[in-house]
Amino acid sequence: MQIVLAITIGVLYAAAVYLLLRRGVVRVVMGVSLLSQAVNLLIFTAGGIKEGGSPFVAGASTSLANAADPLPQALILTAIVISFGVLAFTLAMAYRADKSTGTDDVDDLRSTDAQ
Amino acid sequence: MNPVTLCLLVPLATAISCLLTGRSLRAQKVLGVSGMAVLLGVSLWLMAEVADGTIHVVEFGNWPAPFGIIAVADMLSAIMVLVSAITGLAVAVYSVADIDEGRIRHGYFAFLHFMMMGVCGAFLTGDIFNMFVWFEVMLISSFVLMCLGGEKPQMEGAVKYVVLNLVSSSLFLAACGILYGQTGTLNLADLAVKSRELMHPGLLTMTAMLFLVAFGLKAAVFPLFFWLPASYHTPPVAVSAVFAGLLTKVGVYALIRVFTLVFTGDLMFTHGLLLAIAGLTMVTGVLGAVVQFDFRRLLSFHIVSQIGYMVLGLALFTPLALAGCVFYLFHHIVVKSNLFLISGITRRYGGSFQLKKLGGFYAATPWLAVLFFIPAMSLGGIPPLSGFFAKFAVVKASLAGDTMFGPWAAVLGVVALAVGLLTLFSMTKIWAEVFWKAVPEGVPKVDLAALTPRDKALLYGPVAALALLTLSIGFFPQFYFDFAERAAAQLLTPSRYIEAVMGGTKPCIRFGISFSRWYGPGC
């Protein structure tokens with residue numbers, strides 16, 4: 001399972017970097033979004049995967065030695081919520097940038113760099 | 001109620017009330033400024049609480065560390081929160097006259113305060129993942145401030161700023177995940193303990209490099225600084241000023257925090273790398289600045305250059321160097337925000353940010369020239385202004401010979417001196433172009449009627465206050481340096497931080513549950 005996840009994360013990172021290096025603003029935004037998905041899976045894998053019960057306890061005496069670690073999942077949940085909000089914002093920004101500058105090519109966003 | 005929580009609640013409450021007042025301009029302006037004034041009061045209270053050297057810990061929801069999320073206020077955090085509140089207040093007052101109606105109606109003050117909450121949160125948190133969350137609060141608010149108005153240059157800058165900062169956030173998050181996988185904790189104090197007991201310290205250094213890239217991007221160090229001069233000159237002046245003062249410094253603060261508390265296992269490698277980065281950042285930043293002819297772009301490159309001095313202080317890792325680094329941090333926030341605010345006033349009078357299209361300000365408004373002269377010469381490091389003492393401490397530490405880098409530290413000290421000279425050169429360039437030069441051909445004269453007396457008071461007030469603060473740091477450096485030294489002493493004895501957070505007890509079985517993976521049976 002870890003191997004499969006590791007390969008998936010690698011592919012996601014590669015795809016994200018490829019998209020980030022494209023010139024269209026929308027593709028760059030998609031790249032950022034893919035990157036956050038890759039990171040979520042990375043946290044999940046790095047946090048340690050194991051087959052076992054869910055981390056709930058019925059009584060105080062129950063041992064959790066075989067339970068999955070709930071913390072990485074909590075982190076991912078937080079990260080998903082944040083990345084969702086950020087994605088919504090970046091899409092709106094990409095739209096507005098296209099309206100204001102009249103281009104979606106990042107190479108053309110240079111008028112402010114001129115001396 | 002304690003000041004630590006209040007530092008987060010005050011900006012939050014202000015931001016929400018700004019949103020609730022709807023479209024009333026007056027109410028938003030009053031709330032925006034008074035909220036910052038209250039935050040300044042609270043941060044002074046926080047400073048008074050930690051001034052005796054105690055480290056205040058707040059466990060949110062009463063979950064004890066290391067399980068719950070905690071806020072920790074030591075001297076460094078308190079200094080950073082205080083100086084942020086000072087800058088925030090100055091910028092809020094300035095914004096009343098500088099920011100147009102449309103932007104205020106669409107929530108300028110609300111997002112300014114949300115950003116302050118993120119900044120204060122990042123300074124006060126004691127949990128690495130929580131720091132990520134505060135970074136996001138700060139970032140998303142700064143994105144909105146950057147884009148608000150939607151003008152063409154703004155959107156061009158915003159695309160670069162947003163994308164690069166999101167990449168940095170992804171790296172930060174990935175680093176948090178990997179660090180958790182290695183140590184099983186996210187609490188900074190607990191990390192400091194666990195990271196010293198790891199089986200494979202080399203792997204921890206690898207994680208440290210991920211954090212270095214993530215925070216380095218935010219702090220704009222070489223070679224990750226390129227987004228900063230491409231974006232900081234595009235939004236309104238007040239926004240540029242608060243970004244220039246605070247945002248990169250949050251990155252520097254995060255670097256200081258993790259590289260004094262957690263990643264201290266392989267100092268020669270990690271801090272050696274920081275040393276090299278510091279030198280390159282100083283040099284490239286200042287070389288970028290000397291060729292610029294746009295007021296704000298020139299100042300933006302200087303931010304990069306000055307970050308190098310702070311990183312140098314961190315890299316040298318002696319008490320004097322770290323104290324110099326902290327002193328540099330607060331001197332720089334005050335001075336740099338002030339210079340940006342002044343660029344806004346010259347723009348209002350002269351109608352441009354281009355140095356070529358400005359001139360004759362010394363003859364027209366000598367007082368503005370004086371107000372510019374103070375922070376500009378301070379940035380250049382002329383005694384007796386604040387920048388001199390900041391540079392003096394860092395350079396003295398690098399030449400002292402008690403660092404672990406031997407002659408290399410001295411080399412960096414010489415580089416720092418040379419960079420100081422170039423900084424002075426580019427400040428005199430602004431001085432000569434904007435203030436001394438006669439008004440160029442075909443450019444309208446300095447239009448003193450451009451500002452009403454009310455606008456004048458609102459724009460000059462914060463500039464004068466920050467200039468006075470710069471002077472007071474320069475004339476009473478020992479008073480301020482004393483705080484920096486205490487902060488450095490706390491940073492160099494992480495055991496006090498750890499003890500304050502963990503309370504000296506073993507965090508073994510607190511809830512009747514034993515997470516065997518985290519705390520084995522032997523704990």
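Throughout, protein chains are lettered first and strands after them, A, B, ... in sequence-line order, and every chain is numbered starting at 1.
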To the nearest 0.5 Å, what is the distance between OG1 on A:Thr103 and NZ on B:Lys152? 9.0 Å
From the options A:Val32, A:Leu35, A:Val28, select the one residue that forms a side-chain contact (heavy atoms from CB on, under 4.5 Å) with B:Leu166. A:Val32
I need the contact set between residues 82-100 of chain A and chain B: heavy-atom distance under 4.5 Å, sorted by residue number. A:Ile82, A:Val86, A:Phe89, A:Thr90, A:Met93, A:Arg96, A:Ala97, A:Ser100
Under 4.5 Å to a heavy atom of chain A? For B:Leu139 that would be neither
For a quick test of reading the model, state the closest non-hydrogen atom pair linking A:Gly47 to B:Tyr180 and the distance between them. CA-CD2, 4.4 Å
More than 12 heavy atoms of other residues, nucleotides or ligands under 6.0 Å from NZ of B:Lys357: is that the case? no
Using non-hydrogen atoms only, which part of B:Val144 is less than 4.5 Å away from chain A: side chain, backbone, both, or neither? both
Honestly, the part of A:Leu20 sitting under 4.5 Å from a heavy atom of chain B is side chain
Can you tell me which portion of B:Thr234 sits under 4.5 Å from chain A's heavy atoms? Options are side chain, backbone, both or neither. side chain
Between B:Gln154, B:Glu136, B:Glu151, which shows the greatest number of heavy-atom pairs under 4.5 Å with chain A? B:Glu136
Which atom names give the shortest non-hydrogen contact between B:Lys160 and A:Leu109, and what distance separates them? NZ-O, 2.9 Å
So what's closer than 4.5 Å to chain A heavy atoms on B:Ile140: side chain, backbone, both or neither? side chain
Please classify the contact of B:Val159 with chain A as side chain, backbone, both or neither, using a heavy-atom distance under 4.5 Å. both
With a 4.5 Å cut-off on side-chain heavy atoms, are B:Leu186 and A:Leu71 touching? yes
B:Phe129, part contacting chain A, at a heavy-atom distance under 4.5 Å: side chain
Which answer fits B:Lys356, side chain, backbone, both or neither, if we ask what part of it has an atom under 4.5 Å from a heavy atom of chain A? neither
Go through A:Val25, A:Asp108, A:Thr78 and name the one with the most non-hydrogen pairs under 4.5 angstrom from chain B. A:Thr78
In short, B:Gly177 meets A:Ala46 closest at the heavy-atom pair O-CB, 3.7 Å
Portion of A:Leu42 that has a non-hydrogen atom of chain B nearer than 4.5 angstrom: side chain
